[in-house]
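A, B, ... follow the sequence lines: proteins, then strands. Residue 1 opens every chain. Values reported hereafter were calculated over all heavy atoms of this structure, with side chains retained and with hydrogens, waters and symmetry mates removed. In this text, all values refer to a predicted model and were calculated from it rather than measured experimentally.
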There are 2 protein chains.
Amino acid sequence: MARISEPTVRRLSHYYRVLDEVAAEGRPVISSHVLAEREGITSAQVRKDLSSFGSFGRRGLGYEVQRLRTEIRAILGLDRRWRVVVVGAGHIGSALLAYRGFGDQGFDVVAVYDNDGERVGQRLGALVVRPVAELSGRDDFELGVIATPVRAAQDVADLLVAAGARGILNFAPRKLRVPAGVALRTVDMTMEFEGLSFALSQPRARRRRRTSR
Amino acid sequence: MARISEPTVRRLSHYYRVLDEVAAEGRPVISSHVLAEREGITSAQVRKDLSSFGSFGRRGLGYEVQRLRTEIRAILGLDRRWRVVVVGAGHIGSALLAYRGFGDQGFDVVAVYDNDGERVGQRLGALVVRPVAELSGRDDFELGVIATPVRAAQDVADLLVAAGARGILNFAPRKLRVPAGVALRTVDMTMEFEGLSFALSQPRARRRRRTSR
DNA sequence: TTTTGTGAACGTGTTCACAGCG
DNA sequence: CGCTGTGAACACGTTCACAAAA
């Protein structure tokens, strides 16, 4: 299988969500055109994305909604459960813990760690916050979430990797170094705000592409 | 000025942060090479990015840290304050309210709205949660943050636009439609988790670029 | 000599356009 | 005929490589 680009993976997530909606509407089949319309992209893009994983459609007809949904689910690895460790029991960490949506998608938070003595021992949902030092022993998880202050982020990343994390989601506004083979995604809200600030500071002439719509 | 790409804007944010660090270290000058190293990109990229706004460096020497920091600050529109309205006083909304980092960067949250009767009237930091209906009157803000459940997201976006929002940061996992001229950024955590799930589900051979490092 | 600024070359992702198939 | 699947064309972003300047 050829290499899959990151934009393609992001769009797969979107398709998956649209298919959920469409399935709920009871529609049995969807064309690349309709799927594209809901996304604001071209139908060719939809077909290209899907064709890199196989031929899921029927010419002259479109894609069978349930079938395509199942395929994408498998492609994204959502046909299994992932164990997630959250480090940082502050506002973002607790927000993640409280959000049920992740559990529905197959992501189970199995532990929360923090270094703040005040937070350790506290109950957060079904979990009790533990000291970060105890992270070392652990090896029964796949994903780590970094929701700590920025100064601790790289150290926590190293700890997570040492404990066997295969993927990390980082909320600290800093580029992290992780070994090849460990997947890393960063959500940097500060950067998003700054992106908006930039867009609003530009002379209001040119049409920006990704920014609008 | 030629059109600026979104990746360039994101990198500007990074440069800005690196310059803060470097300034704190007391270093007066930085070369594109060193700036690139901290970012994990090439020095040519740094120079290209910066050169689309002007000639800030000196050949044979590098960039004067304070000067460059000030320039980028102005480019990003961070030399003024932005008034932000948050809609949704749930976990994400409160987390944003509680995070002081945004205030430091020039973003002031001036109001919080929610439709949940239990939350309306509650105090969140210095603000009191107000009913979403009251949003209509308001016009003394530039940025709106959507931190509501996904089903309300598009309606809230429309309300924000009607109230005069020029930019929107959306935390709901849904593509939103906004008129051209209104800047939109979406932070979709579900999608990030799914991206990690995908990466971990791939046969562990090929080296992915953006995902690692 | 060092390092910037930048046209040219390159690589990657998107769109076009049509052959292939139902 | 309608819609998918896909090579070819295109657009865009990144890297190279070097002339220009300090």
Side-chain angles (χ1 to χ4, degrees), chain A residues 1-15 19 22 27-65 67-68 71-72 75 195 206-213, chain B residues 1-15 19 22 27-65 67-68 71-72 75 195 206-213:
Chain A
M1 189 177 75
R3 189 186 147 273
I4 306 301
S5 73
E6 188 171 308
T8 294
V9 178
R10 305 186 84 86
R11 284 192 298 266
L12 283 179
S13 289
H14 272 299
Y15 301 153
L19 288 170
V22 168
R27 210 195 284 228
V29 159
I30 190 169
S31 70
S32 61
H33 183 74
V34 174
L35 196 42
E37 207 165 46
R38 298 229 189 184
E39 277 305 291
I41 58 178
T42 69
S43 60
Q45 183 73 79
V46 173
R47 297 197 298 276
K48 255 275 152 66
D49 285 341
L50 296 178
S51 74
S52 41
F53 298 100
S55 294
F56 305 132
R58 289 216 218 148
R59 297 175 193 232
L61 213 82
Y63 300 87
E64 202 211 311
V65 173
R67 157 88 191 291
L68 187 55
E71 295 281 2
I72 294 182
I75 291 167
R206 242 177 322 283
R207 207 44 66 232
R208 257 158 304 295
R209 271 182 322 116
R210 300 282 300 270
T211 319
S212 291
R213 157 159 297 223
Chain B
M1 189 178 72
R3 187 186 147 271
I4 305 301
S5 74
E6 188 171 307
T8 294
V9 178
R10 306 186 84 86
R11 284 191 298 266
L12 284 178
S13 289
H14 273 298
Y15 301 152
L19 289 169
V22 169
R27 209 195 287 227
V29 158
I30 190 169
S31 70
S32 61
H33 183 73
V34 174
L35 196 42
E37 207 165 46
R38 297 228 190 186
E39 275 305 290
I41 59 179
T42 68
S43 60
Q45 184 73 79
V46 173
R47 296 196 297 277
K48 256 269 150 69
D49 285 341
L50 296 178
S51 74
S52 42
F53 298 99
S55 295
F56 305 131
R58 289 217 218 149
R59 296 175 193 231
L61 213 83
Y63 300 87
E64 202 211 310
V65 172
R67 157 90 192 288
L68 186 57
E71 294 283 1
I72 293 182
I75 291 166
R206 239 176 327 284
R207 207 45 62 232
R208 257 157 303 298
R209 270 181 323 118
R210 298 283 300 272
T211 320
S212 292
R213 156 163 297 221

Whole angstrom value for the distance that separates [atom2] of [N] from [atom1] of [X]:
X     : N      : atom1 : atom2 : value
A/L35 : D/dG5  : CG    : P     : 12 Å
B/R10 : D/dC12 : CZ    : P     : 19 Å
B/R67 : C/dT4  : CZ    : P     : 14 Å
A/I41 : C/dT14 : CD1   : P     : 9 Å
B/I4  : D/dT14 : CD1   : C1'   : 15 Å
B/R47 : D/dA17 : CZ    : P     : 13 Å

Closest contact, heavy atoms only, [X] versus [Y]:
X     : Y     : value
B/Y63 : B/F56 : CD2-C, 3.7 Å
A/L68 : A/L19 : CG-CD1, 3.7 Å
B/V34 : B/R27 : CG1-NH1, 4.2 Å
B/E64 : B/V29 : CA-CG2, 4.2 Å

So if I take every side-chain heavy atom of [X] and compare against [options], which nucleotide ends up nearest?
X     : options               : answer
A/T42 : D/dT6, C/dG5, C/dT15  : C/dT15
A/R11 : D/dT14, C/dT4, C/dT14 : C/dT14
A/Q45 : C/dT15, D/dT15, D/dG5 : C/dT15

Are any non-hydrogen side-chain atoms of A/F53 and A/I72 less than 4.5 angstrom apart? no

Residues in residues 48-61 of chain B with a heavy atom under 4.0 Å of DNA chain D, by number, are B/K48, B/R59

May I ask you to evaluate whether [X] reaches the phosphate of [N], defined as a side-chain N or O under 4.0 Å from OP1 or OP2?
X     : N      : answer
B/R3  : D/dC12 : no
B/Y63 : C/dG5  : yes
B/S32 : C/dT4  : yes

Counting N and O atoms only, with roles assigned by atom type, does the side chain of B/T8 sit under 3.5 Å from a partner on the main chain of B/I4, one being a donor and the other an acceptor?
-> no

*Using a cut-off of 6.0 Å, state whether more than 12 heavy atoms not belonging to A/R58 lie near its atom CZ.*
no

